[in-house]
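Side chains are part of it too, since the values below use all heavy atoms of this structure and drop only hydrogens, waters and symmetry mates.
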Amino acid sequence: MAEIRSLHDAVAGLIHDGDTVAMEGFTHLIPYAAAHEVIRQGITDLTLVRMTPDVVYDQLIGAGLVRKLVFSWGGNPGVGSLHRFRDAVENGWPRPLELDEHSHAGMANRYVAGASKLPFAVLRGYRGSDIPARTDTISTITCPFTGEELAAVAALNPDVTVIHAQQADRAGNVQLWGLTGVQKEAALAAGRVLVTVEEIVEELQPRPGGIVLPTWVIDAVCVVPDGAHPSYATGYSVRDNAFYQAWDPIARDRETFTRWIEENVRTGLDEEAAIR
Amino acid sequence: MAEIRSLHDAVAGLIHDGDTVAMEGFTHLIPYAAAHEVIRQGITDLTLVRMTPDVVYDQLIGAGLVRKLVFSWGGNPGVGSLHRFRDAVENGWPRPLELDEHSHAGMANRYVAGASKLPFAVLRGYRGSDIPARTDTISTITCPFTGEELAAVAALNPDVTVIHAQQADRAGNVQLWGLTGVQKEAALAAGRVLVTVEEIVEELQPRPGGIVLPTWVIDAVCVVPDGAHPSYATGYSVRDNAFYQAWDPIARDRETFTRWIEENVRTGLDEEAAIR
Amino acid sequence: MTETPAGFTRDELMEVNAARALAGARTCFVGIGLPSTAANLARATVNPGLVLIYESGTIGSKPTRLPLSIGDGELAETADSVVPVPEMFNYWLQGGRIDVGFLGAAQVDAYANINTTVVDRGPDKPEGRLPGAGGAPEIASNCGRVLIVLRHTTRNFVRQLDFVTTMGHGSGPGDRTKLGMPGAGPVAVITDLGILRPDPATAELVLTELHPGVTVEQVRAATGWELTVAETVGTTEPPTPDELAALRALKAAGKEA
Amino acid sequence: MTETPAGFTRDELMEVNAARALAGARTCFVGIGLPSTAANLARATVNPGLVLIYESGTIGSKPTRLPLSIGDGELAETADSVVPVPEMFNYWLQGGRIDVGFLGAAQVDAYANINTTVVDRGPDKPEGRLPGAGGAPEIASNCGRVLIVLRHTTRNFVRQLDFVTTMGHGSGPGDRTKLGMPGAGPVAVITDLGILRPDPATAELVLTELHPGVTVEQVRAATGWELTVAETVGTTEPPTPDELAALRALKAAGKEA
């Protein structure tokens, strides 16, 4: 059952050094506030998982908290490269970053297998690609009925999945809507689930395209209005495209980046989250 | 692209002798009217597929049109046995009925594989059961990562899937809501798709729990108000439980059954469907 | 309702005790028929917060009357969430998220294995056809524990199943582990005569409780194998007036609908 | 808009021709960036009914401005249907329901294989990191046909890919069939200089069209391998005023948002 907790306590209670953590979101509903709390608490040696690591993973990587990244497309969507990600991979700054790299189809199916508590998933994928040579989480499997050889991908079961949603009720049931990406699978694949929400409502009203996660598959719900900023929450906010563009020059330079994190995350406005 | 056609023409054009046909629905939205049109047209030697064959499949079987049934639970929900189904299996009347029998989990995954155009699906299923000994569509597969042995089930790709939905727009896009069961998978697994709908609307309004099938995955849409009766369509009708109870004595006796089909399907009220 | 404590039927004893077995559970995967009656009664009595999960895709249904089928419209309308059927079986059931699987049965053997596929009707007669597996094989495998509810007759409680649709404890202890089944399997079989539970050492069903007014001999006579009886056989508490009232109200509402 | 026919840029030639390549298609799986520009322009010009499919889960998006990312809110709000990402890749893409896959690329070779993973930056330098595969390997495998759009430079058009992220035609004809790839693979590479198409016999990319004002020599100089040129090289039609107006309106609307 989900406990409604402060972001500080939920992050401290659920995310530990060395954990494999998925903070999912396909541009929409990205849990920035929770990630910033991880930075403030200095939780480190993380394996981060996400189909589309973007600016928030750039921040965690640049802050030196990440040992390994499991992903399929890493970039600043609509802008360009993730400079901290590149610097870590290319130059090992501030620490080397191990990669487990897939295609979107492979990652999506890895989450599906994880949510289904199966050890692997099957897809017609990676054909003719060099990707399988770089990872041990892709193998092949032969259909027992047709003899066709297909790709097998290992299940993803993060220790913790963190997502942002629009609403929870007082019992801790959560609803998200709009682009819901792979969030349900990521949550159900995880050992622990932390959800930040825009607000608590008396009753969740079923929404078109809405996904409901019942309280009994969630560990903590934290009320963090605008907790997806600069990403957005359909019905509550719009994407802060200017921030994504502004991030490019900030992240290009190690010092600028470090100062930004210091001023805006470690001691900045997000500090309020600690007392919420 | 879906063509909006009369039920008579759509059935005649899309369903042929010898076809494998799935008419899906989990108590809700069962395409009775389309099945009755199949009976009127005498389309025969069918392999019928459905997780929960109920009264409408009892009718098709009793009418002698069915060669084989692929299923996981066959009964008159809330009432009892399907007498025509039992008579065909036990006594070969009016013709023998071959069975391919699964569990619900297996059938659901067979449709998922079919919709995904994969030759098989994997599940942790059938353990300790005698079911696999009776079918050649269950096999085993070994996880290439963990070595665990799992069940593999062959994909289901019906020649035709028939479903009933609440609404279509003039372009033939379809929306269904309420219990949507396995209808999306059954439709996307099929070579041809026939949808009967309660009505055509100017614009489909997104609904909580709604599934939209775009016109370009559908072959024909037929307007058949109450086309799910005695099943129901959420928002349009309620289940005619009295009919399901009345079916039991009708189906118990071969002659009573045959007369009922003659009077109520072959020459009865449903005849209007032919001219709609 | 003006029922006296003694004014109840054998079926009501079975239903009330089946409901009581759900005390403390969070989530229950509910088969139609007796299991659904029991699960809905549990919500009205011992476990108001019980999350009912039906294989038609509904999570957290709160029906006010007994659903007539697992696809009853009210199950969807009152649910916290309605999910596609494949998701139900893959993410929720196989995902190991359900505490209790509640099953009916046509035949049960001494190891709580279940047959719902075919019955042998004797020489020169064709096999009798039953509805088939439905969700049961994977419900029994994947839920945290399994409850079985059925009427107690020698036709139902058989020495040898004609077909194993759904494995309970196989041929004894260790079989579930050997097959990699995540859940604990059947923990109780609740009948109109009493309650049987697997012996922790042998996994064989043992008569542990009788309903008020039932004798061990009656149960033995209704069981197709040589039934083991616990050293001390308890007696189930008679249904309380509240339990009976709730049960009857549920059934009356179901008939009205 | 008061543009003259000659008042257009190389990028606009690329974008307009990329849009034209979508004439007649029913469904397009749209990568972000240039492919998205082209697909949205196609909807505004040659193919108003084109169904845009984005990997974020949107089917039938009708954005009024250029989406800034594949997860742009307007893609969902204007869609016929929004589906979970796994469903998009399994039922819709792998399900073989998409006519055209429209991809960008960092490097392309003579067989229209694509690299978006890493680039070799020379000795003593670490590999340069690119974003990675995204949806491309399975888009290129499963869509009915593939269009590729990118700027034409020797950095992008290379003799040997540093990494094969996404297979186009492999090492020549028959490779796709051998690997069981359902779709026909790349049918055109549209650049800011012209259009390359695979030779039906060899599967090697051949220069078939030049944009107005571009010479074969310019394309050769911008290509990292010895480029084969068709016997008769056509010239693409200059953008019409309507095409230019639509393209610029889309871009302006995207900037405003």
Side-chain angles (χ1 to χ4, degrees), chain A residues 25-28 30 51-52 54 71-75 77-79 81-82 85-92 99 101-109 111-112 115 123-131 134 148-149 177-185 208-209 211 231-232 234 238-239 241 244, chain D residues 32-33 54-58 67-73 75-77 79 81-90 93-94 113 115-118 121 125-142 161 163-170 175-176 179-182 257:
Chain A
F26 232 81
T27 308
H28 182 217
I30 298 167
M51 290 182 65
T52 53
D54 69 351
F71 78 112
S72 40
W73 191 89
V79 180
S81 290
L82 293 178
F85 160 64
R86 290 189 55 174
D87 202 9
V89 174
E90 296 175 4
N91 309 308
L99 299 181
E101 186 161 359
H102 278 259
S103 68
H104 278 350
M107 281 291 283
N109 278 293
Y111 277 127
V112 168
L123 69 156
R124 194 176 283 107
Y126 301 106
R127 290 183 173 176
S129 171
D130 289 344
I131 295 171
R134 286 210 174 189
E148 181 181 357
E149 193 176 89
W177 65 88
L179 291 173
T180 52
V182 75
Q183 276 98 311
K184 180 183 259 189
E185 287 75 17
I211 280 179
S231 164
Y232 68 105
T234 294
V238 295
R239 190 165 183 263
N241 289 311
Y244 282 90
Chain D
I32 205 63
Y54 287 84
E55 63 198 13
S56 52
T58 64
L68 287 137
S69 82
I70 44 90
D72 199 276
L75 294 179
E77 285 152 26
S81 180
V82 179
V83 302
V85 164
E87 177 182 323
M88 175 57 75
F89 282 97
N90 291 339
L93 179 60
Q94 186 174 263
N113 302 300
N115 173 20
T116 53
T117 302
V118 286
R121 295 189 297 189
K125 284 198 171 173
E127 275 184 341
R129 180 67 225 188
L130 301 172
E138 288 77 21
I139 293 172
S141 173
N142 290 311
L161 295 183
F163 185 96
V164 181
T165 310
T166 300
M167 185 175 126
H169 292 290
D175 273 18
R176 292 184 64 88
L179 289 172
M181 290 177 152

Do any N or O atoms from the side chain of [X] and from the backbone of [Y] form a donor-acceptor pair under 3.5 angstrom?
X: D:Ser56; Y: A:Phe26; result: no
X: A:Ser231; Y: A:Thr27; result: yes
X: A:His28; Y: A:Thr234; result: yes
X: D:Thr58; Y: D:Val82; result: no

Straight-line distance of D:Ser81 OG to D:Met88 CE, nearest 0.5 Å =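 Those atoms lie 8.0 Å apart.
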
Any side-chain heavy-atom pair of [X] and [Y] under 4.5 Å:
X: A:Phe71; Y: A:Glu101; value: yes
X: A:Met51; Y: A:Val182; value: yes
X: A:Thr52; Y: D:Glu55; value: no

Measure [X] against the heavy atoms of chain A and call it side chain, backbone, both or neither at under 4.5 Å.
X: D:Leu130; value: backbone
X: D:Glu127; value: both
X: D:Arg176; value: neither
X: D:Asn90; value: side chain
X: D:Val83; value: neither
X: D:Asn115; value: neither

Using a 4.5 angstrom heavy-atom cutoff, name the option from [options] with the most pairs to chain D.
options: A:Tyr244, A:Tyr126, A:Tyr111; answer: A:Tyr126
options: A:Ser103, A:Pro208, A:Ala108, A:Gly75; answer: A:Ser103
options: A:Val89, A:Ile131, A:Leu123; answer: A:Ile131

Hey, which of [options] has the most heavy atom pairs under 4.5 Å with chain A?
options: D:Gln94, D:Glu87, D:Met181; result: D:Gln94
options: D:Ala76, D:Pro137, D:Pro86; result: D:Pro86
options: D:Pro131, D:Gly168, D:Ala133; result: D:Pro131

Decide whether A:Arg127 and D:Ser141 meet the rule of one side-chain donor and one side-chain acceptor closer than 3.5 Å.
->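 Checked: A:Arg127/D:Ser141 side chains show no N/O donor-acceptor pair below 3.5 Å.
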
For [X], is it the side chain, the backbone, both or neither that has a heavy atom under 4.5 Å from a heavy atom of chain D?
X: A:Arg239; value: side chain
X: A:Glu90; value: both
X: A:Leu99; value: side chain

Non-neighbouring partners of A:Asp130 that pass salt bridge (charged side-chain N to carboxylate O under 4.0 Å, His left out), sequence neighbours left out |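 Here no residue qualifies.
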
